[in-house]
Amino acid sequence: MPKALVAGNWKMNGLRAALVEIEKIDAHSADKSPDVLICPATTLLSEAAEKTTKIAIGAQDCHQNTSGAHTGDISPEMIRDAGASYVILGHSERRVDHGESDALVNDKTQSAWAAGLRAIICVGETLEQRKAGKASETVAHQLRNAIPTGATADNLAIAYEPVWAIGTGLVPELNDIDEMHRMIRAELRDIGVQDSDETRILYGGSMKASNATEIAAIEDVNGGLVGGASLSAEQFCPIIDAFSN
Ligand code: PGA
């Protein structure tokens, strides 16, 4: 079983005053068994990296190029230079807000790896796709197209985030999470991800202290990608604890 990864996605939240929460999460994470990651806004990356010693810091997106005329974008090298080690790619909010395709996520992942970042690729079905019985098909298609060759358990994690569960308080039935994570594991094997059984598959979508323990008990759930409940140490630390052995 891979070591769990509990990741917080701060999205477009958090001013410098919120760095104190990251420091509290860092202090809490000493001697805990899961790896812990916080992905704050780009403006906080370097300060967050400077203030932490136990947890990893990551970005929420990157451009596919190393540098150049791309106003407003951030390259993987810049993220690495700021002291971060992870980047979230293909989050459903980026797929919707910015029209990101699996092909673009694939390109971004290759650039992230070239800069020495680990990638967390997000996949997940909409409610319409689930109701139409197409959840597995949708996610398998995303995995096959978004994951580049050269993926390993070290440079890749997958976050399964049903779009309808993000920020809504709705969570799938535990057996649905179980089924999707098994399917994702099988796809990772098929795709030829190196050490696929050790590759972390995170669950994301309205995870909180009150449901983290039962979700963490599912065999192929190897961590969480947490949005709202990662913004305060008080809410996030019990989730870290739920993934501690
Ligand atoms: P949520 O967001 O925990 O607020 O549902 C999860 C995510 O989008 O990564």
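Keep in mind the model is a prediction, meaning the values are calculated, not measured. In each ligand, atom 1 is the first atom listed, and ligand 1 is the first ligand listed. If you read the sequence from its start, that first residue is 1, and numbering goes on from there.
Considering only heavy atoms from C-beta on, Trp10 comes within 4.5 Å of Leu44 through its side chain.
Enumerated by chain and number, the residues approaching ligand 1 to less than 4.0 Å through a heavy atom are Asn9, Lys11, His91, Glu161, Ala165, Ile166, Gly167, Gly205, Ser206, Leu225, Val226, Gly227, Gly228.
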Sequence neighbours left out, cut at 3.5 Å: what donor-acceptor pairs do the side chains of residues 101-108 make with other protein atoms?
from: Ser101; atom 1: OG; to: Ala103; atom 2: N; distance (Å): 3.4
from: Ser101; atom 1: OG; to: Leu104; atom 2: N; distance (Å): 3.1
from: Asp102; atom 1: OD1; to: Arg95; atom 2: NH1; distance (Å): 2.6
from: Asp102; atom 1: OD1; to: Arg95; atom 2: NH2; distance (Å): 3.3
from: Asn106; atom 1: OD1; to: Gln110; atom 2: NE2; distance (Å): 2.7
from: Asn106; atom 1: ND2; to: Asn145; atom 2: O; distance (Å): 3.0
from: Lys108; atom 1: NZ; to: Asp61; atom 2: OD1; distance (Å): 2.8
from: Lys108; atom 1: NZ; to: Asp61; atom 2: OD2; distance (Å): 3.4
from: Lys108; atom 1: NZ; to: Cys62; atom 2: O; distance (Å): 3.1
from: Lys108; atom 1: NZ; to: Glu100; atom 2: OE2; distance (Å): 2.8

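Checking side-chain atoms of Ser196 against main-chain N and O of Gly192 turns up no donor-acceptor pair under 3.5 Å. In this structure, Arg200 contributes its side chain and Lys3 its backbone to a donor-acceptor pair below 3.5 Å.
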Criterion salt bridge (charged side-chain N to carboxylate O under 4.0 Å, His left out) on Lys134 and Glu125, from CA distance to verdict: CA-CA 8 Å; Lys134 293 192 166 156; Glu125 80 286 357; over 6 Å; no
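Counted by atom type alone, Glu161 and His91 present one or more donor-acceptor pairs between their side chains at under 3.5 Å.
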